[in-house]
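Whatever order the structure lists ligands and atoms in, that order sets their numbers, starting from 1.
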Amino acid sequence: MDILIRNATLITQNAKREILKSADIFVSNGKIGKVGKNLKENAEEKIDAKGKIIFPGLVNAHTHIAMTLFRGYGEGMRLQDWLTKRIWPAEARLKPEHAYRGAMLGIAEMVRSGTTAFNEMYVAGMEKIAEAAETGGVRATLAFSMIDDVPGHETEKELREGIGFAGKLKSRSGRVKAGIACHAPYTCTGELIQKGKEAANRMSIPFHIHASETRKEVFDVLKKRGQRPVEYLDKLGVLDRRTVLAHAVYVTKREIGIAGKKGASVAHCPVSNLKLAGGGVCPIGEFARSGANAALGTDGAASNNSLNMLETMKMAALLQKNFYWDPLALSAQQALDFATINGAKALGINAGSIEEGKLADLVIADANAPNMNPRHSDMDNIVYAMNPSNITDVIIDGKFAMRNRKMSFDEKKVVEKACEAALDLVGE
Ligand SMILES: [Zn+2]
């Protein structure tokens, strides 16, 4: 279906970061066919977007979507207690059908808050998560999270599962793509990490790993592997343009330099870091200056508790300003870049800006809402003032994932089914 959207303000995120007023977008075959004024293209679907702002879909570069079922479960606990008494026992009961329902709930929330693609790593029900991404109309990179340096897991079995899942997804084409993931340098052997990365290279897909989220794990890695996490990953030869490091909070200047030189992506998850009280701040601005590809993520809803990338952009900008005692430390434009162009780059997808030839992943928002006015800067308003209720339409791959605030699937049923699954998991 072709779509012609007329008379909108476009936050293009093109190389010049142009903002076009009263402009049109022609969407054809899942791509942006044309951008300009008074387009005359023929389209089955025509939208008058006067009073609307359109920006590229946001990319959530690190999440665990099935964990949406654990939102608000076991609050007010210390990390170790929360994991051992709440999350792990519930996860042990998690079946593929639970993962599907959690993923659908997460997708509904993500689309409503302007996210059009996400980078997932998880352990259970991966094929059902893929099915949910297909049904929900969203773009996703999905990886089974391999782990072997903990009791009860073995390297070969993990590799079979992780690479096997990627192989299955890889044979399909379209929105839902494969990735390879290892949990973290303190929980995975060098052998697993290297073999995982080699498989990712063979398949030309992204490699995704947690790194330096907490101070404790940095010291664990130092003790176990003799180096700090990012140095260690570099020694293993896994840092390059197709590797996404999630968190990267406790890093040295040397590690920032290494990630920059290798052009690795960093998925900064500010809300999760604050909520788990890690105590540090990812120096995402320094990563960006060093040449790393700076992106943003929410992490799972169990530690956030939302999957709202609008909130994540704002939090990222505020944290850097406060951390460096410098209101210029990270601008709204940079935060938006991280969540759009850079996120798309991290996932290797041709999206993240409103330009001809790019994938048609677009968010349409109401510019007349009180919180979006006055309009001194629509771009700053998106990062600092917008909330999901301002978003009216979301187009992914040239199709409506949400139209006039109505999802493409039965949202009420998705919420009901997810709540049943959540209660089932916690044994109520
Ligand atoms: Zn995570």
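Seen from the Zn ion (ligand 1), atom NE2 on H62 and atom NE2 on H64 lie at an angle near 100° (rounded to 10 degrees).
Put simply, H247 stays out of reach of the Zn ion (ligand 1), with no N, O or S atom under 2.8 Å from it. Residue side and main chain included, D299 places an N/O/S atom under 2.8 Å of the Zn ion (ligand 1).
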For this session: Evaluate the criterion side-chain contact (heavy atoms from CB on, under 4.5 Å) for residue pair L236 and K197; output intermediate values, then yes/no.
Result: CA-CA 9 Å; L236 295 176; K197 177 61 180 171; over 6 Å; no
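Using a 4.0 Å cut-off between a side-chain N of Lys or Arg and a carboxylate O of Asp or Glu, D378 and R375 qualify as a salt bridge.
The residue from Q227, K262, R228 that alone fulfils the side chain to side chain donor-acceptor pair (under 3.5 Å) condition with D234 is K262.
A side-chain N or O of S306 and one of E311 form a donor-acceptor pair less than 3.5 Å apart.
Distances from the Zn ion (ligand 1) to each N, O or S atom of H210 single out NE2 as the nearest.
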